Amino acid sequence: MTLASPRVSNSKTVLLFPRKVSSIAFAIGGLTSFVIFASLLLFTYPIGSSVTDYFYRTETTQNVQFHHSIDPHSSSDSPPLLTQDSDDKVLPKDSSDSNDVRLGEETKSSNVSMDEEATQDPVETECDLYHGNWFFDPMGPLYTNNSCPLLTQMQNCQGNGRPDKGYENWRWKPSQCDLPRFDAKKFLELMRGKTLAFIGDSVARNQMESMMCLLWQVETPVNRGNRKMQRWYFRSSSVMIARMWSSWLVHQFNEPFGFATDGVTKLKLDQPDERIIEALPKFDVVVLSSGHWFAKQSVYILNDEIVGGQLWWPDKSKPAKINNVEAFGISVETILKAMAKHPNYTGLTILRTWSPDHYEGGAWNTGGSCTGKVEPLPPGKLVTNEFTEIMHEKQARGFHRAVADEKVGNRSKKLKLMDITEAFGYRHDGHPGPYRSPDPKKITKRGPDGQPPPQDCLHWCMPGPVDTWNEMVLEIIRRDLEGRRSTPSS
């Protein structure tokens, strides 16, 4: 095909080359402009993101002080197995992980390291939320102790007379992305018509009350709870926030069993708490919290055999097969498998990892204290706590075993590990300490003998660091919902 042909008229021949060339130049120029614009657009909104992603990231980190850092690539040797003495202290035992116990069997520990297991975790399809920095945010919290009526008095640190407030201003910034400030309206819209349940111990209550305080700032909910379950209903979006108490997340009973007499709690480590299983179809998102009750007296039963106990083992003629640390890991595996396999539950399950305590100088009942801590630990100054490390390790291992179970299959994608343990190890400033009650006569200083007053270095002040957990929950929910929208149905 010729580029142009002469057009013949009566007077002269007119060549069309100039007009054609100018048209082509114009087209090329337009195409070039389009390519440049598209490139800029892709640079601004990478593939996999959306314009709504951009507007969702409303938090800016300009002019803020980055202070406390966690190296995501750092690692340390796993601590030894722990055993329990009669004084409720956790002592290291010279042993390897060769006695690691799965459900219904004893097996050598996996050759896969915890760092390698973490890379197989289906939680993170985007940036890692759990390694980053604590920075001081002058904007402060989204609520106060006076603007939230649903707040357990023991966590009302300002109402109980704590003199400093800086601990309320430190926020978490992941290394690879922003963790937006909690947006209550965004949360209620994402969860429209759905139910979020917090299930577990008193730390689950702590997180649930934080969520309620954050949501209360935009809407007053209706109390629809009963003695079995707390429930709060938000009319504008038909969202329900629920809380169920379950100390160990597995089946517990008090009746005699074998050589375990009445009066001590028995735990069937391979059976989930039936109350949770019964309620599951009502829930769309579940956040699990457990672990600290494994320091309390209980009997461990596996395959209908007594295999161990905490602060209980009357048969001194033979050693127990399972200690409280192993029992914790098994319980995590049990509840996650049961939830993933439930025929009438297809919701999102978030396992929040071990919440670290900060009793320095002793345990809660032997002079441990967090008095006078007013800001996070500086980078590189994280105090190693062997019990925290081994409990976190066993919990994570229980999670990964549930994910890898063949019977769980594709439902493992609905199991998420919210790994807060290391980041919150830096937050020794976030606990009530001696400010546990409004009693004006309470003791808040050390006595003449140097002994600290009674205090709480396990739960979290509100407002305070615990609010970050719900920022993470919102981000996990957002990712899950957007992931489902982008995945074509089969």
Side-chain angles (χ1 to χ4, degrees), residues 49-59 123-127 129-130 137 139-144 147-151 168 171-174 177-200 204-225 230-244 282-289 347-352 414 416 418 420 460 462-486:
S49 68
S50 65
V51 176
T52 56
D53 288 338
Y54 176 79
F55 287 106
Y56 183 66
R57 302 188 188 102
T58 56
E59 178 64 19
V123 175
E124 292 307 327
T125 56
E126 297 181 345
C127 89
L129 294 176
Y130 312 116
D137 181 4
M139 292 180 64
L142 294 172
Y143 65 94
T144 70
S147 68
C148 180
L150 188 72
L151 201 163
E168 296 180 346
R171 292 195 59 242
W172 181 248
K173 169 69 173 66
C177 60
D178 288 333
L179 179 63
R181 288 175 70 89
F182 189 88
D183 186 334
K185 293 181 178 178
K186 174 81 173 181
F187 174 87
L188 292 174
E189 184 57 37
L190 286 175
M191 287 292 295
R192 179 173 292 277
K194 296 180 173 61
T195 297
L196 165 64
F198 293 91
I199 301 177
R205 182 195 64 217
N206 203 170
Q207 184 176 359
M208 177 266 193
E209 290 182 356
S210 165
M211 175 66 78
M212 291 301 302
C213 288
L214 291 164
L215 297 176
W216 212 292
Q217 307 312 301
V218 299
E219 183 180 345
T220 300
V222 179
N223 186 352
R224 292 189 175 176
Q230 284 184 287
R231 296 191 305 165
W232 297 89
Y233 181 71
F234 292 84
R235 283 197 178 103
S236 67
S237 54
S238 299
V239 170
M240 187 81 77
I241 304 296
R243 183 179 77 87
M244 286 186 66
K282 304 174 184 177
F283 305 145
D284 300 283
V285 180
V286 172
V287 179
L288 296 174
S289 168
L348 180 67
T349 301
I350 301 172
L351 176 67
R352 198 212 66 241
K414 304 296 288 183
K416 308 294 182 182
M418 196 174 101
I420 59 90
W460 302 93
M462 293 172 51
V466 67
D467 300 322
T468 300
W469 294 354
N470 290 317
E471 291 178 341
M472 292 178 175
V473 166
L474 173 54
E475 178 65 7
I476 292 171
I477 292 172
R478 182 191 70 83
R479 291 181 180 188
D480 178 70
L481 290 176
E482 292 190 357
R484 271 190 275 171
R485 290 169 186 159
S486 63

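In this text the structure is predicted, and so the values were computed from the model without any measurement.
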[X] vs [Y] side-chain heavy atoms within contact, under 4.5 Å:
| X | Y | answer |
| --- | --- | --- |
| L151 | M212 | no |
| I199 | F283 | yes |
| L481 | L348 | no |
| W216 | W232 | yes |
| I350 | M472 | no |

To the closest 0.5 Å, what do you measure between [atom1] ([X]) and [atom2] ([Y])?
| X | Y | atom1 | atom2 | answer |
| --- | --- | --- | --- | --- |
| C148 | L142 | SG | CG | 12.0 Å |
| M208 | N470 | CE | CG | 10.5 Å |
| I241 | R231 | CD1 | CZ | 12.5 Å |
| M240 | D284 | CE | CG | 11.0 Å |
| T468 | L179 | OG1 | CG | 7.0 Å |
| F198 | Q230 | CZ | CD | 11.5 Å |

Heavy-atom donor-acceptor pair, [X] side chain to [Y] backbone, under 3.5 Å:
| X | Y | result |
| --- | --- | --- |
| D178 | P180 | no |
| W172 | L129 | yes |
| E219 | S236 | yes |
| Q217 | C213 | yes |

Review point. Which of these, L196, L150, V287, sits in a side-chain contact (heavy atoms from CB on, under 4.5 Å) with M211?
Key: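 For M211, the side-chain contact (heavy atoms from CB on, under 4.5 Å) check succeeds only for L196.
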By side-chain hydrogen bond (donor to acceptor under 3.5 Å, both in side chains), which residues pair with [X], not counting sequence neighbours?
| X | value |
| --- | --- |
| W460 | S355 |
| D467 | Y143, S210 |
| R205 | none |
| T220 | none |

Practice item. Quick one: list whatever passes salt bridge (Lys or Arg N to Asp or Glu O under 4.0 Å) with K194, sequence neighbours left out. Key: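 Listed in chain order: nothing, the list is empty.
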Practice item. Not counting sequence neighbours, which residues clear salt bridge (Lys or Arg N to Asp or Glu O under 4.0 Å) with R192? List them please. Key: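 Result, salt bridge (Lys or Arg N to Asp or Glu O under 4.0 Å) vs R192: E189.
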Over all atoms of both residues, closest heavy-atom pair of [X] and [Y]:
| X | Y | answer |
| --- | --- | --- |
| M191 | I477 | SD-CD1, 4.0 Å |
| N206 | M462 | ND2-SD, 3.4 Å |
| R479 | C177 | NH2-SG, 4.3 Å |
| L188 | V239 | O-CG2, 3.6 Å |
| G140 | R181 | O-NH2, 3.0 Å |
| W469 | M418 | O-CE, 3.6 Å |

Review point. For K185, which residues count as a side chain to side chain contact (heavy atoms under 4.5 Å, CB included) partner, sequence neighbours excluded?
Key: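 K185: side chain to side chain contact (heavy atoms under 4.5 Å, CB included) contacts with D183, V218.
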